[in-house]
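Beneath this line is the structure, given in structure tokens, with notes to follow.
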Amino acid sequence: MNQTQTYTIKGMHCASCASIIEKTFRKLPGVNSVEVNYATETAKVTHGVHVDRARLSKSIEPLGYSLAQTAEEMGMSPEEHAGHLGLNQTKEEKLAELKAMRTKVVISLPLAVVAALNMVLGIVPNSLLWLMATVMLFWVGQPYLMGFWRFLRYGAANMDTLIGIGTSAAYLYSAIVSVFALQLKTYLDVTGTYWDAAIVVIAFITLGKYLEARSKLKTGDAIEKLLTLQAKVALAVRDGKEVEVPIADIVQGDMIVVKPAGKIPVDGVIAEGSSFVDESMLTGEPIPVEKNIGDTVVGGTLNTTGAFTFRATNVGGDTMLAHIINMVAEAQGSRAPIQALADKISSVFVPIVLVLAFLALGAWLLIGGAYLGFAQALSLGLASFVGILVIACPCALGLATPTAIIVGVGKGAKEGILIKDAATLQKLAQVDIVVLDKTGTLTQGRPEVTALNNYSKLTDDQILAIAAALESKSEHPIAHAVVGHANARKLALPSVDRFEALNGKGLKGLVDGVEYYAGNLKLLRDLGLVADAQAVAAGTEAGNTPVFLATKDTILALILVADALKENAKDAINKLHAMRVRVMMLTGDDKRTAAHIARLAGIDEVAAEVLPEDKLTTIKKLQTEGRVVAMAGDGVNDAPALAQADVGIAMATGTDVAIETAGIALLYGDLGKLVKAVSLSKLTMRGIKQNLFWAFIYNIVGIPLAGGLFYPLLGWAISPVFAGAAMALSSVSVISNSLRIKAKTL
Ligand code: ADP
Ligand code: MG
């Protein structure tokens, strides 16, 4: 039996660490698949039950990593642990780490400035440079030396190894030149040292890492913001008194009091009072939502001026907010398919670069030596060697995809766009047709009865009472319209026996021993009844949905129900068209009704009178035509179609949605948000592609340049100093580019 678990990993500080850890885990017996994410510092391991954490942790400890402790190990309940880890604690750790890095930067920058000036002026005595380089390599550059040591000891090479070998080589060479200055000068004419290069390279890379760590902290702040929404205490009614209790002690069924401007601590249903609630922090919807008795409230949202008491329905890890946080964290840690290439490259990169660096050194000595003499060839060869090792670090490559995904997913969460994983986000950017369910997605989903054609001897009220009694058993929006209408007339509803829903057609049931049917034309056809064509045409062409009330052998009445188009539907569809995305309406409703709504919305592709099971087939057919299909629906009776689509989008009314069921869930499901989700995905993918380009270009151009390939022709060779600067710049530019996504308006 396989199980998948996500572990937090400590001690990762570069992209190639991820592939080292992956390889190490994969070698363990029982481990089936491993996914290590550098950006979130997590490992997702699928393994047989017998692989325990201790073994996993032990296997990577010699390499300088370990697994963070779990709830059980810390003796905490899962909730306590979540709060404790709650990213707050790891954030504190990260801040401390950042501070330590800053100290190193503050000390190494003046040294680097002195060393850089000395390259031009040459006035600093050799012994002082030696001292400065020693401080830089053995204190500031300690992680790189460690990387070198790990390589010697365990054969595991990461980017620290590259820098460690490069800078140690420069240091060692300079030390030998300094000690044997006299002999070397006499016999080999070797004089130059690389103290200044070693100093400046380490300083640049340290600065780059510091900036990288600082921005990385910023990419992940969406979850942090969600976590701050969690209330710490709640006003619960205990023994008839209002008492303040810690949130962890709230149980399902507790009555919770919410005062004006108070935070709603957990999910529940209002039992007393009413108010307007600001749900913008979850839905992105700025206007407070009216809440009355029976309405649901969501933990983390903010009450405005009213006061109410509600019964807690979901607490602890079951709340909407907890689910959202989980989902966002999972999505940010997941891997986009586009990352596979970068991963593959960075996993083979380090050994290849090591070989390349040695080849370049050898070539300089062999070929360069013949033309330039040994001393200069050694000097330039060493510069190439160090330069290649430093510039070739696949650091930016490893950051390119995950940082953009983290920012994109986080930005979505802020807008009430919940994305299940990186693959979904990537897929959404490729979607070329969006299929929209009509009821509740395009229309408001609150239809109203507009007319009643009574063909029977019963009174209108009697007809309505029977229809409403049947419909009261149904969840369809049409049912709410009929029941609502009967309620408004204060009709008493008779009881119903042997109720049965007729999928995509309507329903039937016994009232006072008579079998009644309520539903559409398909239902009438099944019964062999013929409708009043003129009345139906008049009603449907005006956008009404026909609901017939019938017995086995007569049509008793035609009730017309109309559902208004959502306000911004037309605008949203225009925008989708502008993004060159086709829009298709898919509905079980009458063809003419559907055509009317489609016309209002500006949709030119309509599939109407589609049975629920055929919605799935419609999606499949589009897929076989080569389309990448997104399907948006309320997620209730559209679940199979949502699952079949390349991207299933669940549109929630308010915050009421099962967020895990679809690839993307839109809280407060208006179509404007769907447009935003599509443009967010395009924005994120564009960011990733730019990042990959920049990360590759640094390496592709940098390696031959640093290796001195252009030296014989053009006299170009970049010094290790510039290699260090370029390397620092590449990571920083990739992360800043990802952060830019945050600022863009959707
Ligand atoms: P949609 O969500 O697109 O309306 P459904 O499959 O849910 O698709 O319903 C298809 C059609 O079946 C409706 O348009 C309506 O004509 C009929 N129908 C479904 N449920 C009911 C109901 N409870 N009462 C009357 N008609 C219904
Ligand atoms: Mg529906």
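Each ligand, and each atom within it, is numbered from 1 in the order the structure gives. Here, residue 1 is the first one in the sequence, and each next residue gets the next number.
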- pair F548-L523: side-chain heavy atoms closer than 4.5 Å: no
- Query: Does a side-chain heavy-atom distance below 4.5 Å link L667 with E279?
  - Reply: no
- Query: For G440 and D563, which heavy atoms make the closest approach, and how far apart are they?
  - Reply: N-OD2, 4.3 Å
- So which of G504, G519, G633 gets nearest to atom 12 (O) of ligand 1, if we judge by its closest heavy atom? G504
- Taking only heavy atoms of L507, which atoms of ligand 1 are found under 4.0 Å from at least one of them? 23 (N)
- Message: Can you name the atoms of ligand 1, numbered from 1 with element, that are less than 4.0 Å from a heavy atom of S474?
- Response: 23 (N)
- Can you find an N/O atom of G588 closer than 3.5 Å to an N/O atom of ligand 1? yes
- Task: Considering the heavy atoms of D437, write down every atom of ligand 1 situated less than 4.0 Å from one of them.
- Result: 2 (O), 3 (O)
- Query: So, K411 and E415, do they make that salt bridge, N to O below 4.0 Å?
  - Reply: no
- Message: Name the residue from I463, L549, I555, T554 that meets the side-chain contact (heavy atoms from CB on, under 4.5 Å) definition with Y455.
- Response: I555
- Numbered atoms of ligand 1 (with element) below 4.0 Å of D589, judged on heavy atoms: 14 (O)
- Query: Which of the atoms in ligand 1, numbered in the order shown and given with their element, are less than 4.0 Å from a heavy-atom of K615?
  - Reply: 1 (P), 2 (O), 3 (O), 8 (O)
- Note on the structure: Heavy-atom proximity to atom 23 (N) of ligand 1 ranks first, among E471, E475, K438, for E471
- Query: Out of K508, E500, K505, which residue meets the side-chain contact (heavy atoms from CB on, under 4.5 Å) rule with Y517?
  - Reply: K508
- Item | Identified side-chain contact (heavy atoms from CB on, under 4.5 Å) partner of V511 from the options L493, D497, V496 | V496
- Item | Whether K505 lies under 4.0 Å from ligand 1, heavy atom | yes
- Do the charged groups of D526 and K522 touch, with an N to O distance under 4.0 Å? no
- Should you measure from each heavy atom of T587, which atoms of ligand 1 turn up under 4.0 Å away? 3 (O)
- Message: Check this for me - ligand 1, A518, N or O atoms closer than 3.5 angstrom, yes or no?
- Response: no
- Would you call K522 a ligand 1 contact, heavy-atom distance under 4.0 Å? no
- Message: Test your reading of the structure: does N520 have an N or O sitting under 3.5 Å from an N or O of ligand 1?
- Response: yes
- Item | For ligand 1, the portion of T439 having any non-hydrogen atom under 4.0 Å away | side chain
- Sole candidate of V434, D432, I433, V628 that passes side-chain contact (heavy atoms from CB on, under 4.5 Å) when paired with V581: V434
- Message: Salt bridge or not between D461 and R489? Use side-chain N to carboxylate O under 4.0 Å.
- Response: yes
- Message: So, regarding H476 and ligand 1 (criterion: nitrogen or oxygen to nitrogen or oxygen, under 3.5 Å), is there a contact or not?
- Response: yes
